[in-house]
Participant: 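Please find one structure pasted underneath; my questions will follow.
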Number of protein chains: 2
Amino acid sequence: MSTREKILHTALELINDKGYVHVGVREIGRALKKSPGNISYHFSKKEDILIALLEQYRETNSALYEDYFAGQPSAHRFLELMKGIFDSQFRYRGVFIGNQFVKEEIQSGNRYDYRATYQQRLSGFTRIFRELRESKHLQVSDEDIEFLVAHIALVGRFWIYEATLFDKSPNQESTVKHYLDLLARQISLFATPLGAQDISEFRVSQE
Amino acid sequence: MSTREKILHTALELINDKGYVHVGVREIGRALKKSPGNISYHFSKKEDILIALLEQYRETNSALYEDYFAGQPSAHRFLELMKGIFDSQFRYRGVFIGNQFVKEEIQSGNRYDYRATYQQRLSGFTRIFRELRESKHLQVSDEDIEFLVAHIALVGRFWIYEATLFDKSPNQESTVKHYLDLLARQISLFATPLGAQDISEFRVSQE
DNA sequence: GCTTGCATTAGTACATTGTACTATATTTGA
DNA sequence: TCAAATATAGTACAATGTACTAATGCAAGC
């Protein structure tokens, strides 16, 4: 593992534990027995660490989406996809919660074009729901799809904020299960009998 | 207006504009032509400013809830309540977005018992939905109510994060309208014909 | 085997930040 | 009017992010 990777690994652990603001560059260095100047060498700004972690997260997720689109659309597989995404978000929770600091980066789009990724994800979900309509898992109008996409964009991004709001270190399994369950309920409001069966099978498989 | 109130007022403006982290105590002082030591006198910690603003927000909202519960339950009045809350959240948006810093406060509950307020709000929503069921505006099971409360707890808290994620200073009216609309759609999934009419009347009144 | 160039690391210095502390000024109340 | 409380200014200090410089390690080429 390269020093750069070690820094990212240690930083993520510390950030998940204590929050981005409360993790100093010197602290990361201390944990790795490196000087602060050396951390500076690999990541000239502290924000760069956050950006790099976001990038890792994005790549993980892209793989999950690719997997999904490689197979047949179904409500069950959709929920499996979302479980993968939620697990991944949990793993990078400190990054999301500390993302106030990358907001200007996000907004400027200089180093990391988050907006493009975001738009890509939104159209990905639109495609997913359209395919689930075609495969008779969902019974939705175009307006419904728009609504569901807006819903999943918000809930799918911010559930981890809520989960860590009162509980500093929540249990991953039960937390992810809880929010997946809410999502499953939301989807089932638009499900055909086929889709509903698929969803309930998924929920049983998560017991 | 007392100095304390002036500080809060100026701080909120600056925080909404630039974000909590990027507003220094000296900057607030400069804007008010006060020394940093004086700011320190009124708020010995910078976080205290955030806590005080949260307290202001909480009081505003408590008044809105009281108003609602003083009248007859209806889907229309419920959405009016939510509009009031959303407007208020928009006004304090910087506080919410910067609340990573009060998280430890929230979690410890030493100075500000946010958890209690939160629980109170949740049971408030439970009551609201139960009353809307009794008044034949909603057709919901107890499980549905639990689901709706979980939904509104998350969406109602974090829509403002999403709204300011890509757009640094979004338009209040259109933003609030957008998220109210999403909420109205969510509620209408469980609405009786009476409730649905109420909701569509509200949406028309917002045009 | 030695040197040259480049990547890495350490050490340090500096501006800025939150905050504590002290001294001065202003207001208040009896 | 004067003492006490409140408010304000000024400053000092530790900690932080970060820029800069010097030292070290290391692989490739002759």
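Naming convention: chains lettered A, B, ... in sequence-line order (proteins, then strands); numbering from 1 in each chain. Below, each value reflects all heavy atoms present in this structure, side chains not excepted, and no hydrogens, waters or symmetry copies.
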Participant: Are the side chains of F190(B) and F129(B) in touch, meaning some heavy atoms are under 4.5 Å apart?
Facilitator: no
Participant: Rounding to a whole Å, what distance do you find between I49(A):CD1 and dG17(D):C1'?
Facilitator: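 These atoms are roughly 11 Å apart.
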Participant: Report yes or no: is the cationic atom of R93(A) (NZ for Lys, CZ for Arg) under 6.0 Å from the centre of the six-membered ring of F90(A), at an angle within 45° of the ring normal?
Facilitator: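 Judged by the rule (NZ or CZ under 6.0 Å from the ring centre, within 45° of its axis), R93(A) counts as positioned above F90(A).
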Participant: Give the rounded distance in Å between these two atoms: CD1 of I39(A) and C1' of dC20(D).
Facilitator: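 Atom-to-atom, I39(A) to dC20(D), this comes out as 17 Å.
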Participant: In terms of relative ring orientation, are F78(B) and F125(B) parallel, tilted or perpendicular, with 30° and 60° separating the classes?
Facilitator: perpendicular
Participant: How close or far is atom C1' of dT18(D) from atom CD1 of I7(A), stated in whole angstroms?
Facilitator: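 After rounding, the reported distance stands at 15 Å.
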Participant: Working note: F69(A) + R127(A), criterion side-chain contact (heavy atoms from CB on, under 4.5 Å); need CA distance, chi angles, decisive distance, verdict.
Facilitator: CA-CA 10 Å; F69(A) 284 122; R127(A) 179 179 159 192; 3.3 Å; yes
Participant: Consider only side-chain N and O atoms of H137(A) and S135(A), and report whether a donor and an acceptor are under 3.5 Å apart.
Facilitator: yes
Participant: Using whole Å, report how far CD of E27(A) lies from C1' of dA14(D).
Facilitator: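 Distance check: E27(A) CD to dA14(D) C1' gives 16 Å.
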Participant: Under 4.5 Å between any side-chain heavy atoms of L64(B) and N61(B), yes or no?
Facilitator: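 Yes, their side chains come closer than 4.5 Å.
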Participant: Between atom CZ in R30(B) and atom C1' in dA9(D), what is the gap in whole Å?
Facilitator: 16 Å
Participant: Report the distance from atom NZ of K45(B) to atom C1' of dC21(C), rounded to the nearest whole Å.
Facilitator: 17 Å
Participant: Rounded to whole angstroms, how far apart are NZ on K18(A) and C1' on dA15(D)?
Facilitator: 13 Å
Participant: Taking N or O atoms only and anything under 3.5 Å, show me the protein contacts with nucleotides 8-12 of chain C, one pair per line.
Facilitator:
residue, atom, partner, partner atom, Å
dT8(C), OP2, Y41(A), OH, 2.9
dT9(C), OP1, T3(A), OG1, 3.3
dT9(C), OP1, K34(A), NZ, 3.1
dT9(C), OP2, T3(A), OG1, 3.4
dT9(C), OP2, N38(A), OD1, 3.4
dT9(C), OP2, N38(A), ND2, 3.3
dT9(C), OP2, H42(A), NE2, 2.9
dT9(C), O5', N38(A), ND2, 3.0
dA10(C), OP2, S35(A), N, 2.6
dA10(C), N7, S35(A), OG, 3.2

